[in-house]
Amino acid sequence: MRTVRALERHVARWPRAVLDLPLAVAFLVVALLVGRQRPPEGWQALDAGSCALTAAANLAVAARRRAPVTVFAVVGALWLALIVTGYWPIVDAGAVMLAAYTVAASRPPRAAALCTAATSGLWIAAGLSNPYIDRAAVIAEAVVAPLALWWFGNAARQLSLSNAQLTAVSGQLRREQALGARRAVAEERVRIARELHDVVAHHMSVISVQAGLAHYVFASDARTARAALGAVSAASGEALEELRRLLAVLRVGPEGVGESPGDGPYQPTPGLDRLEETAERVRAAGVPVELEIVGERRPLPPGPDLCAYRVVQEALTNVIKHARPACAAVRVEFRPHQLFVRVTDDGQDTVPANREPSAGHGLIGMRERARIYGGTLAAGPRDEGGFEVRLTLPLQPGHGRGTTGNDREGR
């Protein structure tokens, strides 16, 4: 198979005249064999001069695909010379018909029509040159045969154009698919980076605070130190679990199972049902958290559910890192067509309104999550002190993508 394909590629690089030369030689052989027969009454048998004209006319078709109109003109002129000198014109008819077909198959309709009309005229001239030929039959043949050649040639040209368009469309589709694949990879990288940031920032903040507390009271208050180390162990264990789940996504195998034997199937992504666990970790880090859920609680799609959870997690992580000592309040409202989440703190580390944007990615990630699910997010310092994050997500399909509203600068 490889040998056949290599031969096809090698042949495809040959000049078209070389590929058509065997066909031209075959036409010449047939023409000379026909010319050896006794011609009908009224025409002369072939001699050396007429054989030379026949050879030139048939060999010229080797260049028919490189210059179709020129080859037709040459073959037609040689055929006319054969007719005028009184030789049997049937011997060169095949070359003329092939040249006319090539023009119809590769050139615009105007050129094809002119060559078709010229073929009919030469055909009629050949028939009228012999008084023993039926004029009606000659005229009928001169009309039907060239029109049939034009019809088949034009059909071949239309098919060639359709194939070229199909090839171009296929190439465009392949390029668009490749672009879509690259875009999907980029979006997945952003999503994974956002997940890693949320997991690492939250849990490492808790671990850092608890480890510092354990170190501070290790000698004076063993019970508090043990509790802090327990919180470090719990936070690190949950961080490892979430990191393992994210890494399993990167090693996906058949039916949602990781490629490694120990990966196991996917674990459920976190959602609002884990808010109490998150609040307990933050309380253990020294930040009192009040959690309030209002409205009829109902299941959410995985995407918005994870979005809301991550926004609360990131907001509480910011309280631990930037606002202590402070108290935090989380309010989740299940409205008829919206989910509203509000996280506030009363920390004294307020952020001036004219502060330059920070280099962190927490608020950027929250805003991107809200935008993906058609929601809005506003974050910034409160007038009475502290900081506030507000998230609104639609609970039924909206029209288009949401915006982030009038976000204020945050930490």
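For Arg382 (side chain) and Asp345 (main-chain N/O), a donor-acceptor pair under 3.5 Å exists by modelled atom type. With hydrogens and angles disregarded, a donor-acceptor distance shorter than 3.5 Å links the side chain of Ser120 to the backbone of Ala142. Ser160 places no side-chain N or O within donor-acceptor distance of the main-chain N or O of Ala156, the cut-off being under 3.5 Å. Within the 3.5 Å criterion, the main-chain N or O of Pro301 finds no donor-acceptor partner in the side chain of Asp305.
Here the closest heavy-atom approach between residue Ala308 and residue Leu391 is recorded as CA-CD2, 3.8 Å. Of all non-hydrogen atoms in Ala95 and Ala57, the two that sit nearest each other are CB-O, 4.0 Å. The shortest heavy-atom contact between Ala379 and Val389 is CB-CG2, 4.0 Å. The nearest pair of heavy atoms linking Ala370 to Leu377 is CB-CB, 3.9 Å. Looking at every heavy atom in both residues, Val103 comes nearest to Pro68 through CG2-O, 3.5 Å. Between Val74 and Ala60 the shortest heavy-atom distance is CG1-CB, 4.4 Å.
Counting heavy atoms from C-beta on, the side chains of Cys307 and Ile372 never come closer than 4.5 Å. Residues Thr392 and Val341 fail the side-chain proximity criterion, which asks for heavy atoms closer than 4.5 Å. Within the 4.5 Å cutoff, the side chain of Phe152 has no heavy atoms near those of the Leu147 side chain. For the pair Val61/Asp20, no side-chain contact is recorded, criterion being any heavy-atom separation below 4.5 Å from C-beta on. Here the side chains of Val330 and Glu292 are not in contact, with every heavy-atom distance at 4.5 Å or above. Using a 4.5 Å heavy-atom threshold, the side chains of Ile90 and Val34 count as touching. The closest side-chain heavy-atom distance from Phe334 to Glu296 is not below 4.5 Å. A heavy-atom distance below 4.5 Å is found between the side chains of Arg107 and Val69.
Distance CG/Leu98 to CZ/Phe72: 11.5 Å, rounded to 0.5 Å. From Leu59, atom CG reaches atom CG of Leu21 across 7.5 Å, with rounding to the nearest 0.5 Å. Of the inter-residue distances, the one linking Leu23 atom CG with Arg65 atom CZ reads 9.0 Å to the nearest 0.5 angstrom. Considering CG of Asn163 and CD of Gln158, their distance stands at 11.5 Å, rounded to 0.5 Å. The structure places CG of Asn154 at 12.5 Å from CG of Leu149, a figure rounded to the nearest 0.5 Å. Rounding to the nearest 0.5 angstrom, the gap separating the CG atom in Asp92 from the CG atom in Leu46 is 8.5 Å.
At a threshold of 4.0 Å, the pair Glu388-Arg390 counts as salt-bridged, since one of the basic side-chain nitrogens sits closer than that to a carboxylate oxygen. Under the 4.0 Å criterion applied to side-chain N and carboxylate O atoms, Arg331 and Glu333 are assigned as salt-bridge partners. Classification of Glu176 and Arg183 as a salt-bridged pair fails, no side-chain N sitting under 4.0 Å from a carboxylate O.
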Could you check Val294 against Val332 for side-chain contact (heavy atoms from CB on, under 4.5 Å), going step by step and ending with a plain yes or no?
CA-CA 6 Å; Val294 180; Val332 179; over 6 Å; no
With side-chain contact (heavy atoms from CB on, under 4.5 Å) as the criterion, how do Thr278 and Val312 come out once you've worked through the C-alpha distance, each side chain's angles and the decisive distance to 0.1 Å?
CA-CA 9 Å; Thr278 303; Val312 174; 5.5 Å; no
Go through it in stages, so that I can follow the logic: the residues are Glu314 and Tyr309, the test is side-chain contact (heavy atoms from CB on, under 4.5 Å), and I'd like the CA-CA distance, side-chain angles, deciding distance and then a yes or no.
CA-CA 9 Å; Glu314 178 65 25; Tyr309 173 78; over 6 Å; no
Show, in sequence, the C-alpha distance, side-chain angles and deciding distance for Trp43 and Ser129, and conclude whether the side-chain contact (heavy atoms from CB on, under 4.5 Å) test is met.
CA-CA 9 Å; Trp43 281 311; Ser129 65; 3.5 Å; yes
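No donor-acceptor contact under 3.5 angstrom links the side chains of Gln177 and Arg174, judged on distance only. A donor atom on one side chain and an acceptor atom on the other are found under 3.5 Å apart for Tyr87 and Asp47.
More than 12 heavy-atom neighbours from other residues, nucleotides or ligands sit within 6.0 angstrom of CZ on Arg298. For Ile133, the CD1 atom is densely surrounded, since the number of other residues' heavy atoms within 6.0 Å is greater than 12.
Cation-pi geometry between Arg335 and Phe340 is met: under 6.0 angstrom from the ring centre, within 45 degrees of the axis.
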